[in-house]
J.: 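Once you've had a glance at the structure underneath, I'll fire off some questions.
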Amino acid sequence: MRNLNYQLKQLCRRNRDGSRSTQVGRERILTLVANDLHQLGFRGLQAKSLKPKHVEALTKHWLTSSVSAGTIKNRMSAVRWWAEKIDKRNVVARENVYYGIPERKTGRRSPVPKLDDSALRRIPNPMVRMSLRLQAAFGLRREEAIKIRPAMADRGDCLWLKSTWTKGGRSRTVPIVSPDQRVVLDEAKSMAGLGSLIPSEGNYVRQLRRYEHQTAQSGFSKLHGLRHAYAHGRYRELTGWLCPAAGGCRSAELSPSKKSRDQAARLIISQELGHSRIAVTRIYLD
């Protein structure tokens, strides 16, 4: 028996968390994980040697091996348990989306919120309304659309997002490619002046609570769907056809030349949405 397999088995037997069936399932998954790491070229590993590169190699291998999203998530739970027991929680990202692991397929598409004038009029606070419009126009996250300073962000042909506004602290740019985007950004600048979309008498936490309360009271739900809608639109602009989530062909059905355009578009969209991995676009586009 290889060292890693043996040590993980011993780790499981020293830490009997959960029911008997949970323990058995965890040990079985970690045996599979150890075998996969060996096959991926990580030889002579010790249980305490787990590093981010090992987790990334595993998830990439599973995603390209047609393993279902549910199965990958179960395996990730076991890997996080392993990391916790060796006191290396930070080795594994807290959210599966970091690795591009898609949501479980339920047979339904995530609904895209209807963000027309009549819907927006139900939102009392003008800055919350503007944050929603920026989310839709530029695919921003909620936090980004609240913290943004529109005058600082406007770089003419693109929207620049400062690292302190973004998830993960990574600055990025989003291109301004349509008149509608320019209109929204100019109106946001007029409203905010040199500041952000947080009232001068408030702070981010208070404005976030206002955002949550007013959107809920106005009947908005699944607002992350605004980023999905942005990704769908950009995919069509970049490729000339619909993405799979909007009724288009899946990658396996595309010609070689179209596959190349598909991959190039996914890379661009991944960067515009603030992700570092092209695989994350599966959540938005497939």
J.: I'd like to know if the side chain of Gln214 reaches the main chain of Asn125, judged simply by a donor and an acceptor atom lying under 3.5 Å from each other, with no hydrogens or angles considered.
T.: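 Yes; judged by distance alone, with no hydrogens or angles, the pair exists.
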J.: How about Gln23 and Glu27: do any of their side-chain heavy atoms sit closer than 4.5 Å?
T.: no
J.: Taking atom NE2 of His54 and atom CG of Leu58, what is their separation to the nearest 0.5 Å?
T.: 8.5 Å
J.: Taking the side chain as C-beta and beyond, is there a heavy-atom pair between Arg133 and Glu187 under 4.5 Å?
T.: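 Yes, side chains in contact.
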J.: For the residue pair Leu32 and Asp36, establish whether any side-chain heavy-atom pair is separated by less than 4.5 Å.
T.: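 A side-chain contact exists here, since the closest heavy-atom pair is under 4.5 Å.
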J.: Can you check salt bridge (charged side-chain N to carboxylate O under 4.0 Å, His left out) on Glu201 and Arg206, steps first, answer last?
T.: CA-CA 10 Å; Glu201 73 280 3; Arg206 286 175 62 184; 5.9 Å; no
J.: So if I apply the side-chain contact (heavy atoms from CB on, under 4.5 Å) rule between Arg80 and each of Asn96, Val91, Val55, which one comes out positive?
T.: Asn96
J.: Using a cut-off of 6.0 Å, state whether more than 12 heavy atoms not belonging to His213 lie near its atom NE2.
T.: no
J.: Taking only residues two or more places apart in sequence or in another chain, which ones pass side chain to side chain donor-acceptor pair (under 3.5 Å) with Thr22?
T.: Ser19
J.: Which atoms form the tightest heavy-atom contact between Ile176 and Gly156, and what is the distance?
T.: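 Minimum heavy-atom contact is CD1-O, 3.7 Å.
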J.: Tell me whether Ile268 is reachable from Ile278 by hopping between hydrophobic residues (I, L, V, M, F, W, Y) whose side-chain heavy atoms are closer than 4.5 Å.
T.: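 No, no single cluster joins them.
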J.: Under 6.0 Å from the ring centre and within 45 degrees of the ring axis: does the NZ or CZ of Arg75 meet both conditions for the six-membered ring of Trp62?
T.: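 Positive - Arg75 is close enough to the ring of Trp62 and near enough to its axis.
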J.: What's the spacing between Lys189 NZ and Leu194 CG if we round to 0.5 Å?
T.: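 Interatomic distance, Lys189 NZ to Leu194 CG, rounded to 0.5 Å: 10.5 Å.
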J.: Using atom types as modelled and distance alone, determine if a side-chain donor or acceptor of Ser196 lies under 3.5 Å from a backbone N or O of Ala192.
T.: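 No.
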J.: Hey, does the side chain of Thr64 reach the backbone of His61 with a donor-acceptor pair shorter than 3.5 angstrom?
T.: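 Judged by distance alone, yes, a pair lies under 3.5 Å.
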J.: Is there a donor-acceptor pair under 3.5 Å between the side chain of Ser218 and the backbone N or O of Thr215?
T.: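 Here the side-chain-to-backbone pair does not exist.
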J.: Roughly how far, to the nearest 0.5 Å, is CH2 of Trp241 from CG of Leu238?
T.: 10.0 Å
J.: So, does Arg129 use its side chain to make a donor-acceptor pair with the main chain of Ile123 at under 3.5 Å?
T.: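 Yes, because the side chain of Arg129 sits within donor-acceptor range (under 3.5 Å) of the backbone of Ile123.
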J.: Salt-bridge test for Asp180 and Arg182: reply yes if a basic N is under 4.0 Å from a carboxylate O, no otherwise.
T.: no
J.: Tell me whether Val174 is reachable from Val183 by hopping between hydrophobic residues (I, L, V, M, F, W, Y) whose side-chain heavy atoms are closer than 4.5 Å.
T.: no
J.: Decide, yes or no, whether a salt bridge links Glu144 with Lys167 under the criterion of side-chain N to carboxylate O below 4.0 Å.
T.: no
J.: Check whether Glu84 reaches the backbone of Arg89 with its side chain - one donor and one acceptor, N or O, closer than 3.5 Å.
T.: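 It does not hold such a pair.
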J.: Kindly confirm or rule out a cation-pi arrangement of Arg122 over Phe220, judged by NZ or CZ under 6.0 Å from the six-membered ring centre and within 45° of its axis?
T.: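 Here Arg122 passes the 6.0 Å and 45° test against Phe220.
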J.: Between Ser171 and Lys162, is there a side-chain heavy-atom distance shorter than 4.5 Å?
T.: no
J.: Decide yes or no on side chain to side chain contact (heavy atoms under 4.5 Å, CB included) for Tyr99 and Met76, but give the supporting numbers first.
T.: CA-CA 10 Å; Tyr99 302 105; Met76 288 300 291; 3.6 Å; yes
J.: Cys12 versus Trp81: any side-chain heavy-atom pair under 4.5 Å?
T.: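 Yes, side chains in contact.
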J.: Which heavy atom of Ile101 sits nearest a heavy atom of Ala69, and at what distance?
T.: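 For Ile101 versus Ala69, the nearest heavy atoms are CG2-O, 4.4 Å.
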J.: Quick one: are Ile283 and Val280 in side-chain contact, heavy atoms under 4.5 Å?
T.: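 Ile283 vs Val280: side chains touch.
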J.: Could you give the distance from NE2 (His38) to CG (Leu4), rounded to the nearest 0.5 Å?
T.: 10.5 Å
J.: Can you see which heavy atom on Asn15 is nearest to which on Arg26, and at what distance?
T.: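 The answer is O-NH1, 4.2 Å.
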J.: Is there a path from Val177 to Leu185 through hydrophobic residues (I, L, V, M, F, W, Y) whose side chains come within less than 4.5 Å of each other?
T.: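 As far as the 4.5 Å side-chain criterion goes, Leu185 and Val177 are not connected within one cluster.
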J.: Thinking salt bridges, do Asp87 and Lys48 make one under a 4.0 Å N-O criterion?
T.: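 Result for this pair is no, no salt bridge flagged.
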J.: In terms of side-chain heavy atoms, does Thr71 have a donor or acceptor partner in Ser68 at a distance below 3.5 Å?
T.: yes
J.: How far apart are the closest heavy atoms of Trp82 and Ala47, and which atoms are they?
T.: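 Minimum heavy-atom separation between Trp82 and Ala47: NE1-O, 2.9 Å.
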J.: Counting C-beta onward and ignoring hydrogens, is there a side-chain heavy-atom pair between Leu285 and His232 closer than 4.5 Å?
T.: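 Answer yes - side chains close enough.
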J.: Can Glu272 and Tyr230 be counted as having a side-chain donor-acceptor contact under 3.5 angstrom?
T.: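 Distance-only check passes for Glu272 and Tyr230.
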J.: Around atom CZ of Arg141, are there more than 12 heavy atoms from other residues, nucleotides or ligands closer than 6.0 Å?
T.: yes
J.: Any salt bridge linking Glu237 with Arg234? Criterion: basic side-chain nitrogen under 4.0 Å from a carboxylate oxygen.
T.: yes
J.: Evaluate the criterion side chain to side chain contact (heavy atoms under 4.5 Å, CB included) for residue pair Leu161 and Arg170; output intermediate values, then yes/no.
T.: CA-CA 8 Å; Leu161 296 170; Arg170 295 187 296 270; over 6 Å; no
J.: Answer yes if Val92 and Leu40 sit in the same cluster of Ile, Leu, Val, Met, Phe, Trp and Tyr residues linked by side chain heavy atoms under 4.5 Å apart, and no otherwise.
T.: yes
J.: Would you find more than 12 non-hydrogen atoms of other residues, nucleotides or ligands less than 6.0 Å from Lys60 atom NZ?
T.: no
J.: Drop me the distance from Leu226's CG to Leu132's CG, to the nearest 0.5 angstrom.
T.: 7.0 Å
J.: Give a yes-or-no answer on whether the side chains of Gln207 and Arg210 include a donor-acceptor pair shorter than 3.5 Å.
T.: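 Short answer, yes.
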J.: Provide the full list of salt bridge (charged side-chain N to carboxylate O under 4.0 Å, His left out) pairs with a residue in residues 254-264, sequence neighbours left out, each pair given once.
T.: Asp262-Arg266
J.: Look at the rings of Tyr284 and His224 and say which category their plane angle falls in: under 30° parallel, 30 to 60° tilted, over 60° perpendicular.
T.: tilted
J.: With the 4.5 Å side-chain cut-off for hydrophobic clustering, are Tyr211 and Tyr204 part of the same group?
T.: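 As far as the 4.5 Å side-chain criterion goes, Tyr204 and Tyr211 are connected within one cluster.
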J.: Going through the distances and angles, do Phe42 and Ser49 end up as a side chain to side chain contact (heavy atoms under 4.5 Å, CB included)?
T.: CA-CA 11 Å; Phe42 297 105; Ser49 303; over 6 Å; no
J.: Given side chain to side chain contact (heavy atoms under 4.5 Å, CB included), test Leu159 with Thr173 step by step and report yes or no.
T.: CA-CA 5 Å; Leu159 187 77; Thr173 59; over 6 Å; no
J.: Is Arg227 close to Gln135 at the side-chain level, that is, under 4.5 Å between some pair of heavy atoms?
T.: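 No, side chains not in contact.
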J.: What's the spacing between Arg172 CZ and Leu140 CG if we round to 0.5 Å?
T.: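 Between Arg172 CZ and Leu140 CG, I get 6.5 Å after rounding to 0.5 Å.
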J.: Kindly give the heavy-atom pair with the smallest separation between Gly193 and Ala151, and that separation in Å.
T.: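 The pair with the smallest heavy-atom distance is O-CB, 3.5 Å.
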J.: Does a side-chain N-to-carboxylate-O contact under 4.0 Å join Arg142 and Glu212?
T.: yes
J.: Can you see which heavy atom on Ile269 is nearest to which on Ala231, and at what distance?
T.: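 Looks like CD1-O, 3.8 Å.
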